[in-house]
Amino acid sequence: MFLQNNEIRDLLNQVADLLEIRDDNPFRVRAYREAARVIEQMTEPVASLVKANKDLSQYRGIGRDLAAKIREIVETGGLEQLRRLRQELPVSLLDLMQVPSLGPKKTAQLYKHLGVASLEDLERAARRGQIADLSGFGEKSQQHIIESLGRVKKSGEKRLLWSDAAVHARALEEYLMDIEGVRRVRVAGSFRRGEETVGDLDVLVTCGRDREKDVMEAFVSFEGVKNILSHGKTKSSVILRPGLQVDLRIVAQVSYGAALHYFTGSRAHNIAVRKLAQDKGYKINEYGVYQGEKRVAGKTEKEVYASVGLTYIPPELRENMGEIQAAADNRLPALLKRSDIRGDLHCHTRRTDGHGSLEEMAHGAIAMGYQYLAVTEHSQKVAMAGGLNEKQVLQYMKKIDAINEKFSGFRLLKGMEVDILADGRLDLADSVLAQLDLVVCSVHYQQRMDEKKQTERIIRAMDNPYCHILGHPTARLINTRDPMEIDLEKIILAAKDRGVILELNAQPDRLDLPSSYCKMAAESGVRIAVSTDAHSVENLELMENGIAAARRGWLTRNDVVNTRSLSELLRLLRRP
DNA sequence: GCCGTTTTCGGCCCGACTGTTTTCAGTCG
Ligand SMILES: Nc1nc2c(ncn2[C@H]2C[C@H](O)[C@@H](COP(=O)(O)OP(=O)(O)OP(=O)(O)O)O2)c(=O)[nH]1
Ligand SMILES: [Mg+2]
Ligand SMILES: [Mg+2]
Ligand SMILES: [Zn+2]
């Protein structure tokens with residue numbers, strides 16, 4: 001099969017690392033890394049673009065040379081340049097680069113003078129005391145290397161799910177807010193951008209005059225700290241007991257906006273905004289926007305953006321993926337927000353594998369401020385969840401009708417999450433589906449089929465006129481299970497043709513349909529349902545997760561069906 | 001290697017912390 005975007009990204013990053021160890025032009029190195037980033041962020045598989053003879057140099061950051069190299073990678077599965085580099089330098093040097101404190105220069109030094117080419121070599125050399133004598137190293141850095149060897153990220157070691165990081169973030173915020181002199185605490189970085197997973201927590205703090213030192217002291221003394229990596233006046237890094245790194249930055253109040261902008265990133269976004277400032281005769285750093293020595297902005301992020309002629313850019317969009325041009329043209333979308341949401345279109349109760357009763361879920365939804373909640377139990381095929389057969393569905397519908405009698409201004413929608421069988425038929429008879437308010441169809445079994453078959457299976461399910469929503473379309477579980485091999489472009493077009501809605505499942509390890517495909521779907525005119533797939537009353541609050549993912553996909557109120565009133569929603573569902 | 005209503009050549013974001021170093025390079029955010 002053709003290489004995936006992530007595999008192409010890895011090859012380009014390998015070239016970059018090896019060039020850097022060889023002390024090549026740093027800007028050339030950067031160009032490879034930038035191309036790798038662009039490819040990682042692309043929604044479409046690069047292989048498809050190459051096959052379709054698309055001109056890759058249309059992408060900013062990919063020029064004539066890199067376009068040709070990417071094409072070579074897709075067509076041959078490798079890159080001649082990389083093979084040559086690997087003859088010149090052992091590829092295991094890339095492992096050395098993973099050791100904290102070892103970058104390209106020190107790696108080259110270790111290899112050149114001590115023949116250190118692997119982590120084992122490194123440990124041996126350090127323990128024998130050979131490294132301390134090397135120029136640029138000393139006793140401390142040798143000791144540091146020994147300690148750092150334990151912190152090398154193994155391949156396959158996972159980034160934290162956003163929702164897991166949130167638990168640590170909240171605890172830390174609380175601790176920091178209680179420190180005397182602290183004014184503001186903000187978790188920035190990938191966490192604030194709402195990424196699916198985060199590599200660390202980046203926390204910005206402002207405090208009263210001359211309190212910086214004490215505040216920093218208090219931070220590194222946090223009970224959860226296992227390890228202090230660095231400890232300076234304005235910036236420190238620690239490792240918490242669960243292995244999570246936290247970077248803390250302290251600035252004065254006047255720099256809050258500029259610092260928040262810096263620390264929220266992304267790196268690529270920062271570089272692009274700072275470049276804009278340069279072009280306009282300004283300099284942006286974490287302290288403010290400067291014209292010469294004079295600070296001209298920086299108290300708020302809005303000020304920072306305004307200084308370079310941009311409207312405020314929401315954190316979720318800050319990836320240098322078109323948001324800066326859109327802000328310059330004042331055409332950023334009004335992103336989906338919590339107050340837009342009128343209901344939830346996917347949940348389970350105790351009748352199958354949920355925990356709440358129908359009444360409890362209804363009251364939970366009302367407490368969320370909703371007009372409707374679709375109860376979508378599993379169908380019979382999903383036996384381990386106690387899925388319902390046709391007869392049971394009809395009985396259950398009566399029960400829901402009875403409960404709905406008690407409400408005004410709110411309704412439980414009679415739904416089902418119907419399993420898509422291996423051949424694309426649905427797990428319940430059309431005669432039953434026809435009586436439901438809402439049908440979510442999703443794949444639970446046989447997720448390993450070749451792409452063509454799997455895609456046909458799903459499109460066949462969407463052919464059923466009662467299929468309203470395609471549930472968790474890729475079936476991925478973040479950090480656990482890869483997405484199914486499917487042609488999502490085809491599925492999006494098929495959904496468009498049939499009036500099928502795609503689900504953005506808000507479960508923290510699903511976030512499925514992934515954001516970039518949500519963007520593609522919305523651009524194709526396909527609507528999205530942001531659904532929690534709640535299995536308990538508390539789970540209804542996962543809507544926030546879904547909204548963050550939707551925002552990263554540039555979705556607006558208009559793109560999302562569960563922003564509609566009940567009557568509008570029902571009108572918008574396809575009918576046979 | 002990329003890029004261009006200032007440029008097709010000459011720039012490419014900017015700064016904190018550490019350790020090794022006599023004034024700063026390397027790494028990292
Ligand atoms: N201007 C500038 N800012 C940077 C650079 N590297 C990092 N930053 C800023 C933007 C990042 O979002 C922020 C935090 O850095 P991190 O390494 O923690 O990255 P981030 O949180 O985006 O992703 P992560 O999930 O931690 O891998 O610091 C850089 O090279 N230049
Ligand atoms: Mg981070
Ligand atoms: Mg960080
Ligand atoms: Zn479900």
Side-chain angles (χ1 to χ4, degrees), chain A residues 12 15-17 19-21 23-38 56-70 81 96-110 131-145 148 151 188-190 199-204 212 216 220 228-238 245-251 255 258-259 261-290 298 304 308 320 324 328:
Chain A
L12 292 175
V15 173
D17 286 350
L19 287 175
E20 205 177 23
I21 293 171
D23 200 23
D24 215 302
N25 179 343
F27 297 106
R28 183 170 178 237
V29 171
R30 196 167 107 178
Y32 281 86
R33 297 223 168 97
E34 179 62 12
R37 184 190 71 87
V38 169
L56 294 175
S57 67
Q58 292 303 303
Y59 290 85
R60 170 180 286 273
I62 299 176
R64 201 174 47 94
D65 289 15
L66 273 160
K69 289 180 189 194
I70 294 163
Q81 180 191 20
L96 294 189
M97 293 263 282
Q98 300 309 306
V99 178
S101 84
L102 291 192
K105 295 290 191 295
K106 290 188 170 179
T107 297
Q109 187 82 339
L110 287 164
I131 291 176
D133 298 334
L134 230 50
S135 99
F137 294 82
E139 286 295 341
K140 280 191 175 173
S141 49
Q142 177 170 269
Q143 191 53 36
H144 190 78
I145 285 169
S148 299
R151 289 201 292 121
S190 50
D200 66 1
L201 288 177
D202 304 289
V203 188
L204 177 67
E212 292 87 351
M216 201 52 102
V220 299
I228 300 173
L229 301 177
S230 69
H231 180 180
K233 285 210 310 281
T234 71
K235 179 184 169 196
S236 295
S237 293
V238 303
Q245 178 168 334
V246 181
D247 298 327
L248 187 91
R249 200 66 207 265
I250 301 183
V251 298
S255 294
H261 180 256
Y262 153 70
F263 221 20
T264 297
S266 64
R267 175 184 139 90
H269 175 89
N270 287 354
I271 291 175
V273 171
R274 288 172 177 205
K275 179 77 172 64
L276 258 185
Q278 274 188 331
D279 294 344
K280 293 181 190 289
Y282 297 115
K283 179 180 73 170
I284 295 181
N285 57 29
E286 59 267 54
Y287 301 108
V289 181
Y290 293 85
V304 174
V308 290
N320 195 18
I324 292 172

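Just the heavy atoms: all of them, side chains too, but no hydrogens, waters or symmetry mates, feed the values below. We name chains A, B, ... by the order of the sequence lines, and we start the count at 1 in each one.
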Student: Give me the distance, rounded to whole Å, that separates B:dG15 from B:dT8 when you measure between the C1' atoms they each carry.
Tutor: 32 Å
Student: Contact class for A:Tyr282 (heavy atom, under 4.0 Å): base, sugar-phosphate, or nothing?
Tutor: nothing
Student: Identify whether any heavy atom of A:Lys280 sits under 4.0 Å from a base atom; if not, whether one sits that close to sugar-phosphate; answer base, sugar-phosphate or nothing.
Tutor: nothing
Student: For A:Asp24, what residues pass the salt bridge (Lys or Arg N to Asp or Glu O under 4.0 Å) criterion, not counting sequence neighbours?
Tutor: A:Arg22, A:Arg28
Student: With sequence neighbours left out, what residues match A:Glu34 under salt bridge (Lys or Arg N to Asp or Glu O under 4.0 Å)?
Tutor: A:Arg37
Student: Within a 6.0 Å radius of atom CZ on A:Arg151, are there more than 12 heavy atoms belonging to other residues, nucleotides or ligands?
Tutor: yes
Student: Using salt bridge (Lys or Arg N to Asp or Glu O under 4.0 Å) as the criterion, list what pairs up with A:Lys233, not counting sequence neighbours.
Tutor: none
Student: When you compare B:dC12 with B:dT7, how far apart are their C1' atoms, in angstrom units rounded to a whole number?
Tutor: 13 Å
Student: How far does the P atom of B:dT6 sit from the matching atom of B:dC2, given to the nearest Å?
Tutor: 23 Å
Student: Do nucleotides 17-29 of chain B as a string where each nucleotide becomes B, S or -: B if the base has a protein heavy atom under 4.0 Å, S if just the sugar-phosphate does, - if no protein is that close.
Tutor: SS-S-----SSSB
Student: Identify all pairs in which a protein N or O lies below 3.5 Å from an N or O of nucleotides 5-12 of chain B, and state each distance.
Tutor:
residue : atom : partner : partner atom : Å
B:dC12  : O3'  : A:Arg30 : NH2          : 3.2

Student: A:Asp247: which residues meet the side chain to side chain contact (heavy atoms under 4.5 Å, CB included) condition with it, sequence neighbours left out?
Tutor: A:Asp200, A:Asp202, A:Ser237, A:Gln245, A:Phe263
Student: With sequence neighbours left out, write down each residue that passes ring pair (Phe, Tyr, Trp, His ring centres under 6.0 Å) with A:His269, or none if nothing qualifies.
Tutor: A:His261, A:Tyr305
Student: Quote, to the nearest angstrom, the P distance that separates B:dT23 from B:dC28.
Tutor: 25 Å
Student: When the C1' atoms of B:dT20 and B:dA25 are compared, how many Å lie between them, rounded to an integer?
Tutor: 9 Å
Student: Classify A:Asn270 by what it touches in the nucleic acid, base, sugar-phosphate, or nothing, heavy-atom distance under 4.0 Å.
Tutor: nothing
Student: Among residues at least two apart in sequence or on other chains, which ones pass salt bridge (Lys or Arg N to Asp or Glu O under 4.0 Å) with A:Asp17?
Tutor: A:Arg33
Student: Measure the CD-CD1 distance between A:Glu139 and A:Ile131 for me, rounded to the nearest 0.5 Å.
Tutor: 11.0 Å
Student: Could you let me know what B:dC17 is paired to, Watson-Crick or G-U wobble, both distances under 3.5 Å, or none if it's on its own?
Tutor: B:dG26
Student: Pick the P atom in B:dT27 and in B:dT21, then give their distance to the nearest Å.
Tutor: 15 Å
Student: Mind calculating the distance between CG (A:Leu56) and C1' (B:dG1) to the nearest angstrom?
Tutor: 15 Å
Student: Looking only at atom P, what distance separates B:dG26 and B:dT22, rounded to whole Å?
Tutor: 14 Å
Student: Please name all residues satisfying side-chain hydrogen bond (donor to acceptor under 3.5 Å, both in side chains) with A:Lys275, sequence neighbours left out, ordered by chain then number.
Tutor: A:Asp279
